[in-house]
Enquirer: 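Structure below; questions to follow.
Along the sequence shown, residues are numbered consecutively beginning with 1. For ligands, and for the atoms within them, numbers begin at 1 and follow the listed sequence. As a basis for the values below, the full set of heavy atoms in this structure was taken, side chains included, without hydrogen atoms, waters or symmetry mates.
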Amino acid sequence: MHIKTSHGWELSERDATPEPLMLARRGLMAAAAGTAALGIPLVARAQGAPRNAKYDGGRELTSERDATTYNNYYEFGTDKSISRAAQRLPITPWTIKFDGMVGKPRTMDFDDILKRVQLEERVYRHRCVEGWAMTVPWTGFPLKDLVAIAEPMASARYVVMETLADPKAMPGLRISSFEWPYIEGVTMAEANNDLAFIATGLFGKSIPKQNGAPLRLVLPWKYGFKSVKSIVKLTFTDKKPTTFWEGIQPQEYGFWANVNPEVPHPRWSQATERLLGNDQRVPTRIYNGYGEFVAELYAGMPNEKLFI
Ligand SMILES: Nc1nc2c(c(=O)[nH]1)N[C@H]1C(S)=C(S)[C@@H](COP(=O)(O)O)O[C@H]1N2
Ligand SMILES: [Mo]
């Protein structure tokens with residue numbers, strides 16, 4: 001860790017880490033990746049699936065090595081090099097609980113959920129609030145299909161998703177200034193938008209633990225912190241939740257967190273982003289370039305902080 005605060009990405013990565021340290025760290029990561037088969041999970045739950053051509057990454061793919069060795073997963077540590085530590089995540093068996101405003105609260109085996117969905121591959125851009133970005137092929141299924149399995153009541157307005165919190169496997173849970181477990185939430189309209197995706201695979205393999213095995217959310221039009229990893233529970237509610245980072249720094253990390261180059265983070269610009277791998281800086285686009293699919297979700301919400 002080369003950052004001073006206990007809350008790592010209170011700082012943008014450029015502000016947080018002097019460039020020479022950054023380069024040194026990248027070199028170390030490359031060396032580490034060369035000596036171990038990181039990112040190759042043992043459980044073959046998500047094989048390759050047909051690619052959905054509707055969503056075009058529009059950029060060169062990030063390398064599998066970069067996407068699986070440069071991660072945010074605070075349960076395993078606050079820096080980007082948690083891919084080894086995350087191998088302690090226990091993923092077999094894995095169950096998902098549906099509770100709150102559902103017809104019948106219940107817990108289902110992840111494997112039984114997989115039997116009820118159709119897997120596909122989508123190439124999505126990912127934009128972290130810190131200012132880095134990647135473009136990767138996820139395997140999975142639309143979030144709306146998981147919502148349908150849960151059978152929420154018509155009166156539910158939000159779905160809250162929760163990450164496993166296992167103190168034996170996750171040293172980050174000892175950081176008591178965070179309120180574990182990590183939770184995130186979206187409105188029912190957002191959850192039922194086709195772009196909202198549950199990933200069970202990455203680069204045609206089961207999703208690596210450091211990327212959120214065995215299933216994680218992917219919301220490509222929002223800052224990356226919304227895309228909660230290793231989901232164990234979906235809670236349906238009519239009250240807007242206080243999400244993990246919103247609870248820590250509400251002025252800096254809000255509920256909506258839609259990507260917008262013109263709305264700076266209170267302490268850094270969001271105008272450009274750094275591509276993992278080649279370190280090129282490219283312009284950031286509103287809704288991370290997905291406005292044609294999602295902008296209508298936010299029509300008529302003039303008083304909401306949609307872009308923080
Ligand atoms: N449970 C949990 N989910 C999380 C995080 C985390 O720390 N814990 N980090 C988020 C952030 S800030 C980002 S950018 C993405 C990173 O996903 P990746 O490591 O697969 O690139 O995961 C998100 N989901
Ligand atoms: Mo992020």
Enquirer: Quick one: sort the Y124 and Y55 rings into parallel, tilted or perpendicular, breaks at 30° and 60°.
Expert: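 Rings of Y124 and Y55: perpendicular, over 60°.
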Enquirer: Between K229 and ligand 1, does any nitrogen or oxygen pair lie at a separation below 3.5 Å?
Expert: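 N/O-N/O distance below 3.5 Å exists for this pair.
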Enquirer: For ligand 1, which atoms sit closer than 4.0 Å to a heavy atom of C128?
Expert: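 Contacts of ligand 1 toward C128, numbered from 1: 14 (S).
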Enquirer: Using the ring of Y73 (Phe, Tyr or Trp, six-membered ring only), decide whether K80 places NZ or CZ under 6.0 Å from its centre and within 45 degrees of its axis.
Expert: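 Pair K80/Y73 does not count as cation-pi.
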Enquirer: Any nitrogen or oxygen of W138, main chain or side chain, under 3.5 Å from a nitrogen or oxygen of ligand 1?
Expert: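 No, there is no polar N/O contact under 3.5 Å.
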Enquirer: Any heavy-atom pair between the side chains of L119 and L114 that's under 4.5 Å?
Expert: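 With C-beta onward as the side chain, the pair touches.
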Enquirer: Is the contact between N71 and ligand 1 made by the side chain, the backbone, both, or neither, using heavy atoms and a 4.0 Å cut-off?
Expert: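 Under 4.0 Å from ligand 1, N71 contributes backbone and side-chain atoms.
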Enquirer: Quick one about Y290 and N258 (side-chain donor to acceptor, distance below 3.5 Å, no hydrogens or angles considered), yes or no?
Expert: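 On atom types as modelled, these side chains do not qualify, holding no pair under 3.5 Å.
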Enquirer: Ring centroid separation for F255 and W245, is it under 6.0 angstrom?
Expert: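 That pair fails the under 6.0 Å test.
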Enquirer: Decide whether the shortest distance between a heavy atom of H126 and an atom of ligand 1 is less than 4.0 Å.
Expert: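 The answer is yes: ligand 1 sits under 4.0 Å from a heavy atom of H126.
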Enquirer: Side chain, backbone, both or neither: which applies to K226 and ligand 1 if a contact is any heavy-atom pair less than 4.0 Å apart?
Expert: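 Contact part for K226 vs ligand 1: neither.
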Enquirer: Could you establish whether S227 and ligand 1 come within less than 4.0 Å of each other, counting only heavy atoms on the residue side?
Expert: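 Judged by the 4.0 Å heavy-atom criterion, S227 does count as contacting ligand 1.
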Enquirer: In chain order, what residues pass the ring-ring contact (aromatic ring centres under 6.0 Å, His included) check against Y223, with sequence neighbours excluded?
Expert: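 Not a single residue meets the ring-ring contact (aromatic ring centres under 6.0 Å, His included) criterion with Y223.
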Enquirer: Under 4.0 Å from a heavy atom of E75: give me the atoms of ligand 1 that qualify, with their elements.
Expert: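 Listed by number with element: 1 (N), 2 (C), 6 (C), 7 (O), 8 (N).
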Enquirer: Can you check whether W132 has an N/O within less than 3.5 Å of an N/O in ligand 1?
Expert: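 No, no N or O pair falls under 3.5 Å.
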Enquirer: Any atoms of ligand 1 less than 4.0 Å from a non-hydrogen atom of Y73? List them with their elements.
Expert: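 Heavy-atom distances to Y73 below 4.0 Å select 1 (N), 6 (C), 7 (O), 8 (N).
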Enquirer: I would like to know whether K240 and E304 meet salt bridge (Lys or Arg N to Asp or Glu O under 4.0 Å); could you show each step before the answer?
Expert: CA-CA 13 Å; K240 197 177 189 181; E304 295 290 330; 3.2 Å; yes
Enquirer: Check this for me, if you would: do E64 and K205 make a salt bridge, where the nitrogen-to-carboxylate-oxygen distance has to be below 4.0 angstrom?
Expert: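 Yes.
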Enquirer: Check the orientation of Y287 and Y298. Use parallel for under 30°, tilted for 30 to 60°, and perpendicular for over 60°.
Expert: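 Parallel, since the angle between the ring planes stays under 30°.
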Enquirer: Counting only heavy atoms, which portion of E130 has something under 4.0 Å from ligand 1: side chain, backbone, both, or neither?
Expert: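 Under 4.0 Å from ligand 1, E130 contributes no heavy atoms.
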Enquirer: Which atoms of ligand 1 are found less than 4.0 Å from any heavy atom of F225?
Expert: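 By the 4.0 Å cutoff, the relevant atoms are 10 (C), 11 (C), 12 (S).
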Enquirer: State the atoms of ligand 1, each with its element, that fall below the 4.0 Å cut-off from a heavy-atom position in M134.
Expert: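 Near M134, the atoms of ligand 1 are 21 (O).
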